[in-house]
Amino acid sequence: MQWKEQILTLSPYQPGKSTDSVKRQYGLEKIVKLASNENPYGCSEQVLAALQNSVQSLEIYPDGHATNLREAVAKQLQVEPNQLIFGNGSDNIIQIISRSLLTPGTNTVMATPTFSQYKHNAVIEGAEVREIPLVNGEHDLASMLAAIDTQTKIVWVCSPNNPTGIYIGEDSLLNFLKQVPENVLVVFDEAYFEYVTAEDYIDSVKLVNTFKNLIVLRTFSKIYGLASLRVGYGIANPAVISALEPVREPFNVNTLAQVAAEAAIKDQAFVEDCKQKNRKGLEQFYQFCQDHNLEYYPSQGNFILIDFKRDGNEVFQYLMERGYIVRSGKPLGFPTAVRVTVGTTEQNDGVIAEMKQMLEVKATSNK
Ligand SMILES: *Cc1c(COP(=O)(O)O)cnc(C)c1O
């Protein structure tokens, strides 16, 4: 077989460890997973009710147009139904966009470190990847603009950025969008949009009418608590959506996922509640970091990147053996940090207690 040369350089995605495998390996009874930015409060009860009523007709293909979900999302966001594209997770939309625009000889611009799938998909398509280092956890938008040339097809912008949690304010974003050439697609990935509390955060959905080369990505995997069902969506000018549609697999969002997502978006009270709880949870981590002089980025997401100034894999291992799965910063581009998803108050207290213990052991052994 002659595989595409570029895929030989890739390894499969390394997901956060599953709780079952860790339980077995370390003989632990209880495992708390704070590794994949999932919602510790699950999902809206209305989702569960909607699913119970719809587990029938499994032999029928899903609605390829996601009509009901489309209407519900359009209503919530106040956009037209033809401004939306749905994916099997927003990962799927990232793949559709990459397949639609990237070929060998083209290039794509993104920050680093950022969400891994932009680069991964670009490599598969054989495009050149131009990675612009973050500055203080923030996108260096000026350098990203400077990296754009006539062969640039896509610029990826992640706000709040995974894994730093840093967001892009209104002025910077507008200033950036005004300068990106019209024939370059800007992908604005807002997987954590619903968690944002910053006051100068712009409602990017309104911008897709002004900037015809902008697509906003959102997901049901994070605050909506539906990661297992895989639903994400893109919002853009109808011309962008109709260009992407032929590249989408016809039945990429399954029936149960459509039913669940539709019920989820209608329950904004659940979203608001989770957002408030997440803020309180972040405060627990900020306090811990301040008490122990640890560097961290103030986060607008449901996770926090903490620099322990020691090997991230070791911190990860230490916490895992004590029942807490976090994400090592090493594969994320921050070798001495870990990324922790904000859990419930109790879960946060639990992992913070283990972190304190770890720091004390280290402090004592240094004497
Ligand atoms: C989690 C995440 C996604 C993927 O979300 P899915 O909808 O589950 O595929 C996309 N972008 C960022 C930045 C994420 O953190």
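Numbering of ligands and ligand atoms starts at 1, following listing order.
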*May I have the step-by-step check of ring pair (Phe, Tyr, Trp, His ring centres under 6.0 Å) for Phe285 and Tyr296, ending in yes or no?*
CA-CA 9 Å; Phe285 287 100; Tyr296 64 95; 9.9 Å; no
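Residue Asp189 touches ligand 1 through its side chain alone, judged by heavy-atom distances below 4.0 Å. Contacts between Ser90 and ligand 1 below 4.0 angstrom, taking non-hydrogen atoms only, involve backbone and side chain alike. Under 4.0 angstrom from ligand 1, there are no non-hydrogen atoms of Phe220.
Cys158 counts as a contact of ligand 1, since one of its heavy atoms falls under 4.0 Å from the ligand.
Neither side chain, Asn107 nor Gln151, offers a donor N or O lying under 3.5 Å from an acceptor on the other. A donor-acceptor contact closer than 3.5 angstrom links the side chains of Asn175 and Gln179.
With ligand atoms numbered from 1 in the order given, ligand 1 contributes 6 (P), 7 (O), 9 (O) to contacts under 4.0 Å with heavy atoms of Gly89. Residue-ligand proximity, Asp91 to ligand 1, at heavy-atom distances under 4.0 Å covers atoms 4 (C), 9 (O). Against a heavy-atom cut-off of under 4.0 Å, Ser221 is close to the following atoms of ligand 1: 6 (P), 7 (O), 8 (O).
Distance from atom 1 (C) of ligand 1 to its nearest protein heavy atom, with residue and atom name: Lys222 NZ, 1.4 Å. In this structure, the protein non-hydrogen atom closest to atom 15 (O) of ligand 1 is Tyr192 OH, 2.6 Å.
Under the 4.0 Å criterion applied to side-chain N and carboxylate O atoms, Asp149 and Arg130 are assigned as salt-bridge partners. Taking the charged nitrogens against the carboxylate oxygens, Glu245 and Arg248 do have a contact shorter than 4.0 Å, which makes a salt bridge.
Checking only distances, Asn37 never comes within under 3.5 Å of ligand 1, N or O to N or O. The shortest N or O to N or O distance between Arg230 and ligand 1 is below 3.5 Å.
Because its NZ or CZ atom is not both nearer than 6.0 Å to the ring centre of Tyr26 and within 45° of the ring axis, Arg24 does not count as a cation-pi partner of that residue. Annotation: cation-pi pair Lys222/Tyr195 absent, no NZ/CZ under 6.0 Å from the ring centroid and within 45° of its normal. Cation-pi check for Arg218 over Phe193 is met; the charged atom lies under 6.0 angstrom from the ring centroid and within 45 degrees of its normal.
Distances from atom 7 (O) of ligand 1 to the heavy atoms of Leu229, Thr219, Asn162, Leu226 show the closest one on Thr219.
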